[in-house]
Peer 1: 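Handing you this structure, nothing more for now.
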Amino acid sequence: MSNFFDTVDPTILQSYIFWSSVLVLKMNIMSILTAMKRFAKKAFANPEDAPKGTKVVLSDPDVERIRRAHQNDLESILPFFVMGFLYMFTNPSVVLATNLFRTVAIARIAHTLVYAVFVVPQPARALAWMIGFLCTGFMAVKTILAFL
């Protein structure tokens, strides 16, 4: 009996692991970015986090912008983790799979930069989001077709 993982090209697996790890680090950095902005703006969400004499602030626009970017990561990167993993079992070309993984990661990093770090007017954020969305959608369709 052969192992299902034997069907995955090791180069594709290596690329998936690398770019998924980059995205995990990126999401972890979002937590740090949120905390840094909370301290800079003295916008603490919990009384136990706020220094004495500091009020709880739940609606600072700068903190909320970073939180929305982080939420968008969760909505976009987690599906990529699943679809990228499943896509590896469709026997894709190494070049295509690697470029899809790379493109999603770079698009998500760009999305954060234009949304939460250096606020850039639309359509920059929408384009960055759409690139990752379309790549993940492409992998989903190819996976569905491969396993019909």
Peer 1: Taking all non-hydrogen atoms of both residues, which atom of Arg108 and which atom of Ser76 are closest, and how far apart?
Peer 2: NH1-OG, 3.5 Å

Peer 1: Between Leu100 and Val82, is there a shared hydrophobic cluster once you connect ILVMFWY residues whose side-chain heavy atoms come closer than 4.5 Å?
Peer 2: yes

Peer 1: Leu33 versus Val117: any side-chain heavy-atom pair under 4.5 Å?
Peer 2: yes

Peer 1: Rounded to the nearest 0.5 Å, what separates atom NZ in Lys142 from atom CD1 in Ile144?
Peer 2: 12.0 Å

Peer 1: Measure the shortest side-chain to side-chain distance between Asp73 and Thr112 over non-hydrogen atoms and say whether it is less than 4.5 angstrom.
Peer 2: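 Yes; the side chains approach each other to less than 4.5 Å.
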
Peer 1: Of all heavy-atom pairs between Ala116 and Met30, which one has the smallest distance, and what is that distance?
Peer 2: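 Here Ala116 and Met30 meet closest at CB-CE, 4.5 Å.
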
Peer 1: What's the separation between atom CG in Leu86 and atom CZ in Phe81, rounded to the nearest 0.5 Å?
Peer 2: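 Answer for the CG-CZ pair, Leu86 versus Phe81, is 13.5 Å.
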
Peer 1: Are Tyr115 and Leu134 connected in a single hydrophobic cluster, I mean Ile/Leu/Val/Met/Phe/Trp/Tyr linked by side-chain heavy atoms less than 4.5 Å apart?
Peer 2: no

Peer 1: For a 4.5 angstrom cut-off between non-hydrogen side-chain atoms, does Val57 reach Lys42?
Peer 2: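 SC-SC contact between Val57 and Lys42 ruled out.
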
Peer 1: Would you say that Phe133 contacts Pro79 through its side chain, given a criterion of any heavy-atom pair below 4.5 Å between the two side chains?
Peer 2: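 Phe133 does not reach Pro79 side chain to side chain.
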
Peer 1: So do the side chains of Phe89 and Phe147 get within less than 4.5 Å of each other, counting heavy atoms only?
Peer 2: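 Heavy-atom side-chain distance check passes, below 4.5 Å.
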
Peer 1: Short question: side chain of Thr98, backbone of Val95 - any donor-acceptor pair under 3.5 Å?
Peer 2: no

Peer 1: Are Phe44 and Phe39 an aromatic pair, judged by ring center distance below 6.0 Å?
Peer 2: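 Yes, the ring centres sit under 6.0 Å apart.
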
Peer 1: Could you give the distance from CZ (Phe80) to CE (Met139), rounded to the nearest 0.5 Å?
Peer 2: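 Here the interatomic distance stands at 5.0 Å.
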
Peer 1: If every non-hydrogen atom of Pro92 is compared with every non-hydrogen atom of Ile12, which pair is closest and at what distance?
Peer 2: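 Looks like O-CD1, 3.4 Å.
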
Peer 1: Considering all heavy atoms of both residues, which atom of Ala43 and which atom of Val63 are nearest to each other, and what is their separation?
Peer 2: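 Looking at all heavy atoms of both residues, the shortest contact is CB-CG2, 4.0 Å.
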
Peer 1: Could you see if Trp19 belongs to whatever hydrophobic cluster contains Phe85? Use Ile, Leu, Val, Met, Phe, Trp, Tyr and a side-chain cutoff under 4.5 Å.
Peer 2: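 Yes, Trp19 and Phe85 fall within the same hydrophobic cluster.
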
Peer 1: Any side-chain to backbone donor/acceptor pair from Gln122 onto Ala126? Under 3.5 Å, distance only.
Peer 2: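 Here the side-chain-to-backbone pair exists.
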
Peer 1: To the nearest 0.5 Å, what is the distance between CH2 on Trp129 and CG on Asn72?
Peer 2: 8.0 Å

Peer 1: So, the side chain of Asn46 versus the backbone of Asp49: is there a donor-acceptor pair under 3.5 Å, distance only?
Peer 2: no

Peer 1: Between Val56 and Ala45, what is the shortest heavy-atom contact and its length?
Peer 2: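 The answer is CG1-O, 3.3 Å.
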
Peer 1: Atom CE in Met36, atom OG in Ser31: separation rounded to 0.5 Å?
Peer 2: 12.5 Å

Peer 1: Measure from the side-chain N and O atoms of Ser15 to the backbone N and O of Thr11, and report whether any donor-acceptor pair falls under 3.5 Å.
Peer 2: no

Peer 1: Can you check whether Arg38 reaches Arg67 side chain to side chain, under 4.5 Å on heavy atoms?
Peer 2: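 A side-chain contact exists here, since the closest heavy-atom pair is under 4.5 Å.
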
Peer 1: To the closest 0.5 Å, what do you measure between CD1 (Ile32) and CD1 (Ile66)?
Peer 2: 12.0 Å

Peer 1: Are Met130 and Met83 connected into the same hydrophobic cluster when the rule is that any two of I, L, V, M, F, W, Y join if their side-chain heavy atoms are below 4.5 Å apart?
Peer 2: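 Shared cluster, no.
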
Peer 1: Minimum heavy-atom separation for Ile131 to Ala107, with atom names?
Peer 2: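 What the structure gives for the nearest pair is CG2-CB, 3.8 Å.
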
Peer 1: Quick one, Asp9 and Leu13 - any side-chain contact, counting heavy atoms below 4.5 Å?
Peer 2: no

Peer 1: Determine whether Ile29 and Val114 fall in the same hydrophobic cluster, where Ile, Leu, Val, Met, Phe, Trp and Tyr are linked whenever their side-chain heavy atoms lie under 4.5 Å apart.
Peer 2: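 No: no chain of side-chain contacts under 4.5 Å links Ile29 to Val114.
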
Peer 1: What I want to find out is whether Lys37 reaches Asp62 closely enough, with some N-O distance under 4.0 Å, to be called a salt bridge.
Peer 2: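 Judged by the 4.0 Å cut-off on N to carboxylate O distance, Lys37 and Asp62 do not form a salt bridge.
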
